[in-house]
Structures are given as C-alpha cells and as structure tokens.
Number of protein chains: 2
Amino acid sequence: MTTDQPGLRERKKAATREALSWAALRLAVERGLENVRVEDIAAEAGVSPRTYNNYFSSKAEAIVFRHRDRVRRAAGALRGRPATEPLWEALTRALLEPFGDTAEQPHPRWTAAVRLLLSEPALQAELWRGGAEEAQLAAAVAARTGTDPDRDLYPKLVAAAAMAAVKAANDQYLTADPPAPFQPLFTEALRLLAAGLPDPSTR
Amino acid sequence: MTTDQPGLRERKKAATREALSWAALRLAVERGLENVRVEDIAAEAGVSPRTYNNYFSSKAEAIVFRHRDRVRRAAGALRGRPATEPLWEALTRALLEPFGDTAEQPHPRWTAAVRLLLSEPALQAELWRGGAEEAQLAAAVAARTGTDPDRDLYPKLVAAAAMAAVKAANDQYLTADPPAPFQPLFTEALRLLAAGLPDPSTR
DNA sequence: GAAAAAGTTGCGCGCTACGCACTATTGCGC
DNA sequence: GCGCAATAGTGCGTAGCGCGCAACTTTTTC
C-alpha cells in the first residue's frame, strides 16, 4: 500500500478537495476565470457551494491548489534526498520530481493551465499567498545546510530563488517560439542560479 | 523643477493616489487589515468610496502601492546606471536607491509596515500580482545584457531572483534578533545571489 | 448499537468591486 | 477672461463572495 494510515474519512476529504481543484481548473481554462462562479465549481464536484468554502476560501485558491501542492511535494522530496548529494543537485532533482513529470513534452492541457495561471493576475497573486510552501522548502534547505530556517538568511533566499526559477521557467515555457519542453528550461534556470547568474554579455 | 510636464490635473491625481495609499497603510498598521473598511480609507483621504475604487481596485492594492512603486523606481534607476558598470553592481545600486534610503536604521514606522506586509497573506499575495514591475526590471536587465526580455530566460530569471532577494531580506529584517539594519542584509542577499548561493556547510 | 466526533448543508449578513448615469471640475482654444 | 469639451468625482444599484451560525447527516469509536 502506498497509503500510510489514511483513515477512510480523510480519504474522502482528499478526494473531494482533488475533485474541487480539478473542476475549478478545468472550468477556468475552458471559459476564463471571470465566467466561473463558485456555484459552478461546487456543482461540478457534486457538493454544495457552502462546502466548497470549507475546502477553499476563494475561487483562486482552488485553481492554484495543484500547483502549490507541487511545491509542497518538492519540499518533501528534498528532505528525502541523500545527505551526501550536493545541495543544488539535490534541489534540482527534488524540484523535478513534481514539476518535471508532466512537462517532458508540451502537453496541451498543461500548457493551457500554465497560460491561465500567468495571464490572470489574481491567480498569479494567489500562487505565492502566505508562502507556506516556500517556508517548507526553506526548512528543508536549512536542514541540509546546517542553517537555521528562522535566524539565517541563506535558506530563505535559496527557497525564494528556487521559486523564481520555477516562475521564470514557466514564463519561458510559454513564450518560447519553437515550443520547447519545460524540463530543460527549468534545469537551465537552476543551473544559472547556481552559477551566480553571470552576465551573458561579458562572458 | 523636478517635474517634467505634469499638468496640473495629473498632479492632483497623483496626490490623491498618494493620500489614499498612505491612509490605507496607516489604518491597516494601526488596527489591522480586517478592521479597515474601504469607506474608512476613502474618508481619511477625503474622497468618496466610489472614487477610491477608481484609483485602486482592492483594499490590498492601495496598501501595497508604495512598495510596488519602489520596484518601479528601481527599474528606472537601473536604466540610468552607466553602461560600463558590471550588472550586479548596477543592480545592487539601483535597488538600493528606493529600498535603502528609508531603511538605513530600523525605523518603527517602516518596521511596522513590513511586518504588516509579511503577516497578512492577502498583502503578500498582492505584492506580486501581475508582476508588471518585475517585467520592467527584466526589461532593464535585458537592455543592459543584450538579451531579449521576451525570448530569453536570463532577464526574467535575474529579475525574479532580485525580487527574491528583496523578499528574503525583508523577512530577515524582521526576524533578526538583535535588530539589524536593512541595507546590509539586502546587499548580502544580492551578493549571495551573484556568488551562486554556495552551500555554507561545505564551504 | 449508542454516543461522540467530524463533515455537509441552508440561511443570512456584511462587505466588496464595478457598471451606469449624472454632476462638478479642470484644461484649452479663442 | 469665456465657454466648451474632456475628464475626474459621486450616488445608486447589483452580483457575487466569504464566512459565522445552527441544524442535519455520516463516520468513527467504544
């Protein structure tokens, strides 16, 4: 079994949350964010509007949920990497685990979803709300580098920079004229970060 | 005169916008974001609630306006730096221009404002909404490095990384136990970025 | 199988964001 | 200066959201 000890109840909760976030994303991609009512999302997932608000406190939150979950999983993956691995290699592999799989080659659904996230300011904003996932990532970095996630600048900066790489790579993924796969863009971004972002004009 | 050719009318608009953003920030710091109505902000600035919404489309937007304006000014400052200056030196100086002045030593007002921004998820989210300022910064970086702001990954990544430095430095600025001035933290963050964020445990 | 705990739902309220039409103010050409 | 066009400010009305509250239903536990 892959499940730890879920408890039948928590399973249903997770399933409902998944259904809601999928429904929200699908509807928003299809008809645009403004033309989706909370009512519609709830109906799509077979729950009442009120229940919807028990899971997500805003429309945007539901849509963005899957993306934020990726960051969360990446933080977990980073904790699982062998301690002997160099930081940036571990970081790259940990981030590729949730981000790389769906994006080996440009998939229409994925592309549409990313385009939605980047085009709607409200979603862009919601992506970083609170920054809980980023904090988890920072904590994992801290554990690996022997720094303090609260008192030291380093882990926070690394986590924020990693998120910057995700953002920039996604951005590039859309505007690339000959449609390029996501993964190389992302690894390139991380590589550039680890190399100190050298000025290409003086290279 | 420092003004280009403002036109008396646009001056009043700018003044009103300033008044509104100041009022919003002040009230939010004093009584917390949730206890501030749009009505209050409008009253504080001497305009009708409806007019408020002609300037800012949300409560958070008004509060965050000053901060985003700093990034905008930094982008302009970067364009004004001499072309011979190395990228990261120019970037550091450009960013310090709007960010460094008020923060040479921990000022109670400034501290309270930063704390508000970091503690309220809604404001945190609003800070990066749309990312127009970040795009301006990327454009300035592109102009300086001979890259294309649309087609190349590099300028977007540098801009996003710079914003990450702002975020991390602000974060650190608050949690530093012996209250530390902002400027050194910020320059240190940029220095680390330019150095490729080396793992401190293997140094 | 019954009590307890947790999830779901309907109702209602305060607030927000914004379209629309109207009024007041400003800028500009003469 | 003067009047007209353009633009900012305002009041009103509306759709929708987020959430507290108090039932009701389902699952868990003993």
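Chain letters run A, B, ... following the sequence lines, proteins first and then strands; every chain starts at 1. Note that the coordinates shown come from a computational prediction; the quantities given were computed from them, not determined experimentally.
Look at B:K12 and you'll find a side-chain N or O under 4.0 angstrom from OP1 or OP2 of C:dT26.
Ranking C:dC18, D:dG18, D:dG9 by closeness to the B:N53 side chain, first place goes to C:dC18. Here the nucleotide nearest the side chain of B:S57, chosen from C:dC18, C:dT16, C:dG10, is C:dC18. Listed candidates were D:dC19, D:dG18, D:dT10. Nearest to the side chain of B:T51 is D:dT10. Comparing C:dT8, D:dG9, D:dT10 by their nearest atom to the side chain of A:T16 picks out C:dT8.
Per the geometry, NZ belonging to B:K13 stands 7 Å off P belonging to D:dG9, to the nearest Å. Rounded to whole Å, atom P of D:dA15 lies 15 Å from atom NZ of A:K59. As a whole-Å value, the separation of A:I41 CD1 from D:dG16 C1' is 13 Å. With rounding to whole Å, A:R17 atom CZ is found 14 Å from C:dT8 atom C1'. Rounded to an integer number of Å, the gap from CD of B:E34 to C1' of D:dG18 is 12 Å. Atom-to-atom, CG of A:N54 to P of D:dA22 comes out at 16 Å; the value is rounded to the nearest Å. The separation between A:E39 atom CD and C:dG10 atom P is 11 Å, rounded to whole Å. Rounded to an integer number of Å, the gap from CZ of A:R11 to C1' of C:dA6 is 18 Å.
With B:Y52 as the aromatic partner, B:K59 does not meet the cation-pi criteria of under 6.0 angstrom to the ring centre and within 45 degrees of the ring axis.
For the residue pair A:T147 and A:K156, no side-chain donor N or O sits within less than 3.5 Å of a side-chain acceptor on the partner. A side-chain donor from one of A:Y173 and A:T111 sits under 3.5 Å from a side-chain acceptor of the other.
Counting non-hydrogen atoms under 4.0 angstrom, A:Y52 reaches nothing in the nucleic acid. Among the protein residues, B:Y55 comes within range of the sugar-phosphate backbone only, with heavy atoms under 4.0 Å from sugar or phosphate atoms but none that close to a base.
Between B:K167 and B:D171 there is no salt bridge, since none of the side-chain N atoms of the basic residue sits less than 4.0 Å from a carboxylate O of the acidic one. A:E97 and A:R93 are not joined by a salt bridge, as no carboxylate oxygen comes within less than 4.0 angstrom of a charged side-chain nitrogen.
Between the side chain of B:R50 and the base of C:dG19, a donor-acceptor pair under 3.5 Å is found.
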